[in-house]
Q: 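Would you mind keeping the following structure in view while I ask a few things?
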Amino acid sequence: MRRILLALPLLWLTGASAALKPDLADLDALPLHAAPPAATAKAIEQARAVKGAGPAIFAVTTALPLGLEAGTWDEPQAGVARWRTRVFSAQAQALLMRFDRFDLPASAKLWIYDAQGRVVQGPYLGAAHNAKREVWTATVPGDTAVIELRVASHDRSRVALGLSRLGHAFKNDRDLGDSGACNIDTACPLGNAWRDEIRSSVKLQIPAGAFVGVCSGTLVNNLAQDDTPYILTADHCGIGNPGSSPGGVVVYWNFQNGSCGALNAPDGQNQTGTILRARDEPTDLSLIELAQPPSAAFNVYFAGWDASGTGGSSGVSIHHPSGDAKKISEYTNSLTASQVNIGGSDIPAWRVTWSQGTTEQGSSGSGLWNQNRQIVGVLSGGSASCQALSSPDFYARLDRQWLANPQAAGQLKVWLDPNNTGQRQVAGKNAAASPTPSPTPTPTPTPTVQPTPTPTATPTPTAQPTPTAAPTPTPTPNMMGGGGGSLGLPLLVGLLALGLLRRRFA
């Protein structure tokens with residue numbers, strides 16, 4: 001049983017608020033700070049060699065300590081002080097950042113953008129912090145990025161800002177079109193019957209030690225229907241592991257193509273900062289809560305779920321294979337109870353074979369809906385792929401996660417049934433909409449809860465209860481090799497011996 005690590009709220013990031021139009025006229029005059037190329041190349045080599053359960057790794061980070069002295073101040077308009085600098089990592093497909101000091105007055109806003117000013121992420125605000133005062137950003141394309149902070153001139157002396165690490169994406173986390181050809185865009189006709197549920201599915205950017213990876217997740221409703229922003233994903237994605245602070249998770253909303261077959265998914269709707277509410281390794285459970293509610297501009301949907309143990313006869317999964325734009329897979333044969341072995345643990349799961357689509361690395365943690373539009377599982381592992389369309393995937397069962405552990409931090413029930421109604425099913429709903437009546441509940445025992453430019457300067461970096469009417473499970477498969485799995489690793493503080501890391505999982 002892994003130790004539960006909880007994080008306090010971090011910052012709210014939304015690409016929908018306080019849009020910035022970058023001033024590109026004098027960017028070449030700004031300082032340019034380069035990540036150490038040798039350290040970056042070594043980290044990429046190590047990341048490519050990793051095999052095991054965890055988020056699908058797309059980036060590495062290296063030390064690049066910069067403070068306010070590393071940029072320049074000016075006053076673009078009366079009463080507004082502006083600070084800017086540039087960062088660079090040779091041959092990066094995209095950049096992201098970790099700030100280890102982020103103490104801003106209420107008048108301050110920070111953005112990052114690419115050298116052409118086409119993609120702007122932010123603003124990042126200092127209104128709420130975690131104890132570490134750290135911020136992880138979303139990505140901007142290319143090998144050069146601009147950091148820009150604006151603050152009321154009279155508050156300039158109150159700004160405390162420090163960059164600690166620069167993230168170098170050796171695989172672009174957008175990876176548009178890079179998933180297998182048999183994957184199906186949610187914009188295609190198969191998605192037409194699932195438009196609400198598509199709005200609940202998210203891509204998760206997860207810091208994992210010196211690496212950064214992606215998994216999938218789903219915004220879920222609770223029985224109080226109070227819009228608490230819980231996201232359900234998989235424990236093996238590693239949120240809360242050493243080196244993977246929940247406060248550093250970035251959630252991307254509506255990262256999906258605008259039409260079937262297009263490659264135009266936008267990634268500006270995102271926010272950073274989550275709180276780990278529950279995790280349980282034996283059932284591959286991870287439940288996080290957003291530090292701030294999603295913006296109304298994101299038009300999110302709270303997915304329904306069924307933890308009664310009845311499975312499903314047909315349905316879909318919605319996910320981000322290889323970090324690609326959102327895809328949808330369909331099954332038309334009934335789910336069967338099974339087990340999947342991940343890292344030595346036999347996870348109680350629903351076995352599914354796809355009639356259309358598949359899953360890949362990065363699909364981990366995505367939801368499995370039944371014919372009643374309710375999630376019954378989250379993706380744990382499997383061997384499905386475009387090369388093995390008949391091979392199965394395995395989704396950890398919500399009915400086993402419901403009371404997985406007597407502790408509140410190890411089960412779903414405490415969080416999804418806060419008023420202890422005993423129900424195990426709920427329908428989906430729009431944000432801030434009138435609640436939809438829940439299906440007939442299935443009674444459950446009440447648990448005992450215990451609560452490429454040339455740099456001008458290169459800085460020197462610092463050195464289980466039984467479910468209701470559960471089918472008889474099939475034997476545990478030995479999931480060595482292939483399919484719906486993600487390359488990554490769950491514990492990435494330094495680098496574990498690669499021999500300890502096994503197989504590829506979703």
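This structure is a prediction, so every number in the text was calculated from the model and none was measured. One is the number of the first residue; the rest follow in order along the sequence.
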Q: What residues form a side chain to side chain contact (heavy atoms under 4.5 Å, CB included) with Ala307, not counting sequence neighbours?
A: Trp305, Leu398, Trp402, Arg424
Q: Looking at CZ of Arg174 and CG of Leu263, how far apart are the two atoms once the value is rounded to the nearest 0.5 Å?
A: 9.5 Å
Q: If you compare all heavy atoms of Val140 against all heavy atoms of Ala145, which two are closest, and at what distance to 0.1 Å?
A: CG2-CB, 3.7 Å
Q: Could you tell me which non-hydrogen atom of Tyr124 sits nearest to which non-hydrogen atom of Ala138, and how far apart they are?
A: OH-N, 3.0 Å
Q: Run Val300 and Phe302 through side-chain contact (heavy atoms from CB on, under 4.5 Å) and show every step you take.
A: CA-CA 7 Å; Val300 304; Phe302 291 81; 4.2 Å; yes
Q: Go through the structure and list residues passing side-chain hydrogen bond (donor to acceptor under 3.5 Å, both in side chains) with Tyr230, not counting sequence neighbours.
A: none
Q: Would you compute the distance between atom NZ of Lys203 and atom SG of Cys215 and round it to the nearest 0.5 angstrom?
A: 11.5 Å
Q: Would Tyr395 and Ser317 count as having a side-chain donor-acceptor pair, cut-off 3.5 Å?
A: yes
Q: Looking at residues at least two apart in the chain, or sitting in another chain, which of them share a side-chain hydrogen bond (donor to acceptor under 3.5 Å, both in side chains) with Arg199?
A: Asp196, Asn299, Asn430
Q: State, to 0.1 Å, how close Pro294 and Pro229 come at their nearest heavy-atom pair, and which atoms those are.
A: CD-CB, 4.0 Å
Q: Donor-acceptor pair, distance only, cut-off 3.5 Å: does the side chain of Ser322 make one with the backbone of Asp324?
A: no
Q: Once rounded to the nearest 0.5 Å, what's the spacing between atom CG of Leu412 and atom CG of Leu285?
A: 4.5 Å
Q: Taking it one step at a time, do Asn222 and Val426 satisfy side-chain contact (heavy atoms from CB on, under 4.5 Å)?
A: CA-CA 7 Å; Asn222 66 44; Val426 71; over 6 Å; no
Q: Is any side-chain heavy atom of Gln361 closer than 4.5 Å to one of Ile57?
A: no
Q: Does a donor on one side chain and an acceptor on the other come within less than 3.5 Å for Trp354 and Asp393?
A: yes
Q: Counting distance only, does the side-chain N/O of Ser200 pair as donor-acceptor with the main-chain N or O of Ala303 below 3.5 Å?
A: no
Q: Is a donor from one side chain sitting under 3.5 angstrom from an acceptor on the other, for Arg279 and Asn241?
A: yes
Q: So, Tyr113 and Gln121: side-chain donor and acceptor under 3.5 Å apart, yes or no?
A: no
Q: Can you run down the disulfide bond (SG atoms under 2.5 Å apart) pairs that involve residues 253-288, sequence neighbours left out, and say none if there aren't any?
A: Cys188-Cys260
Q: Sorted by first residue and then second, give each ring pair (Phe, Tyr, Trp, His ring centres under 6.0 Å) pair with at least one member in residues 317-336; sequence neighbours left out.
A: Phe255-His320
Q: Look at the side chain of Asp284 and the backbone N and O of Asp235, then say whether any donor-acceptor pair between them is shorter than 3.5 Å.
A: yes
Q: If we only count heavy atoms from C-beta on, is the Val251 to Thr272 side-chain gap below 4.5 Å?
A: no
Q: Looking at Thr186 and Gly191, would you say the former's side chain and the latter's main chain have a donor-acceptor pair under 3.5 Å?
A: no
Q: Do Ser380 and Ile342 come close enough that some side-chain heavy atom pair is under 4.5 Å?
A: yes
Q: What distance do Ser366 atom OG and Lys327 atom NZ have between them, rounded to the nearest 0.5 Å?
A: 14.0 Å
Q: Does Pro321 reach the side chain of Asn183, with side-chain heavy atoms less than 4.5 Å apart?
A: yes
Q: Under 3.5 Å, is there a donor on one side chain and an acceptor on the other for Asn405 and Gln411?
A: no
Q: Can you name the side chain to side chain contact (heavy atoms under 4.5 Å, CB included) partners of Asp175, sequence neighbours left out?
A: Lys171, Asn172, Asp178
Q: Checking the side chain of Ser216 only, and the main-chain atoms of Gly362 only, is there a donor and an acceptor separated by less than 3.5 Å?
A: yes
Q: Does Gln271 reach the main-chain N or O of Gln292 with its side chain, forming a donor-acceptor pair under 3.5 Å?
A: yes
Q: Is there side-chain contact between Ser313 and Ser334, with heavy atoms separated by less than 4.5 Å?
A: yes
Q: Shortest non-hydrogen contact from Leu416 to Asn221?
A: CD2-O, 3.9 Å
Q: Please identify each residue that fulfils side chain to side chain contact (heavy atoms under 4.5 Å, CB included) with Ala160, with sequence neighbours left out.
A: Asp103
Q: Are side-chain heavy atoms of Ser245 and Glu134 found at a separation under 4.5 Å?
A: yes
Q: Judged by atom type as modelled, is there a donor-acceptor pair below 3.5 Å linking the side chain of Ser363 to the main-chain atoms of Glu360?
A: yes
Q: Under the rule for side chain to side chain contact (heavy atoms under 4.5 Å, CB included), what residues qualify as partners of Ala325, not counting sequence neighbours?
A: Leu176, Asn257, Ala265
Q: So does Gly422 get a backbone contact from the side chain of Lys413, meaning a donor-acceptor N/O pair under 3.5 Å?
A: no
Q: Between Trp369 and Val376, does the side-chain contact (heavy atoms from CB on, under 4.5 Å) criterion hold? Intermediate values first, please.
A: CA-CA 6 Å; Trp369 278 264; Val376 295; over 6 Å; no
Q: Heavy atoms, side chains only, cut-off 4.5 Å: are Val151 and Leu104 in contact?
A: no
Q: Looking at every non-hydrogen atom in both residues, tell me the closest pair between Leu368 and Trp350 and how far apart they are.
A: CD2-CB, 4.4 Å
Q: Answer yes or no: is there a donor N or O on one side and an acceptor on the other, between the side chain of Ser355 and the main chain of Glu330, under 3.5 Å?
A: yes
Q: Once salt bridge (charged side-chain N to carboxylate O under 4.0 Å, His left out) is applied, do any residues pair with Arg165, and if so which ones, sequence neighbours excluded?
A: none
Q: Only counting residues at least two apart or in another chain, list the ones meeting salt bridge (charged side-chain N to carboxylate O under 4.0 Å, His left out) with Glu289.
A: Arg277
Q: Which pair of non-hydrogen atoms, one from Thr139 and one from Ala94, has the smallest distance, and what is that distance?
A: CB-CB, 4.3 Å
Q: Nearest 0.5 Å, please: how far is CG in Leu287 from CD1 in Ile231?
A: 9.0 Å
Q: Applying salt bridge (charged side-chain N to carboxylate O under 4.0 Å, His left out), name anything that partners Asp226, two or more places apart in sequence or on another chain.
A: none
Q: Restricting to side-chain hydrogen bond (donor to acceptor under 3.5 Å, both in side chains), what partner residues turn up for Tyr252, sequence neighbours left out?
A: Gln205
Q: Hey, is the main chain of Ile318 close enough, under 3.5 Å, to the side chain of Lys326 for a donor-acceptor pair?
A: no
Q: Taking atom types as modelled, find out whether Ser308 and Thr310 have a side-chain donor-acceptor pair closer than 3.5 angstrom.
A: yes
Q: Set out, in order, the CA-CA distance, both residues' side-chain angles and the distance that settles side-chain contact (heavy atoms from CB on, under 4.5 Å) for Leu161 and Arg101, then state yes or no.
A: CA-CA 5 Å; Leu161 185 68; Arg101 293 196 311 279; 5.9 Å; no
Q: So how far is it from Ser314 OG to Leu335 CG, rounded to the nearest 0.5 Å?
A: 9.0 Å
Q: Should Leu96 and Val212 count as side-chain neighbours, where that means a heavy-atom distance under 4.5 Å?
A: yes
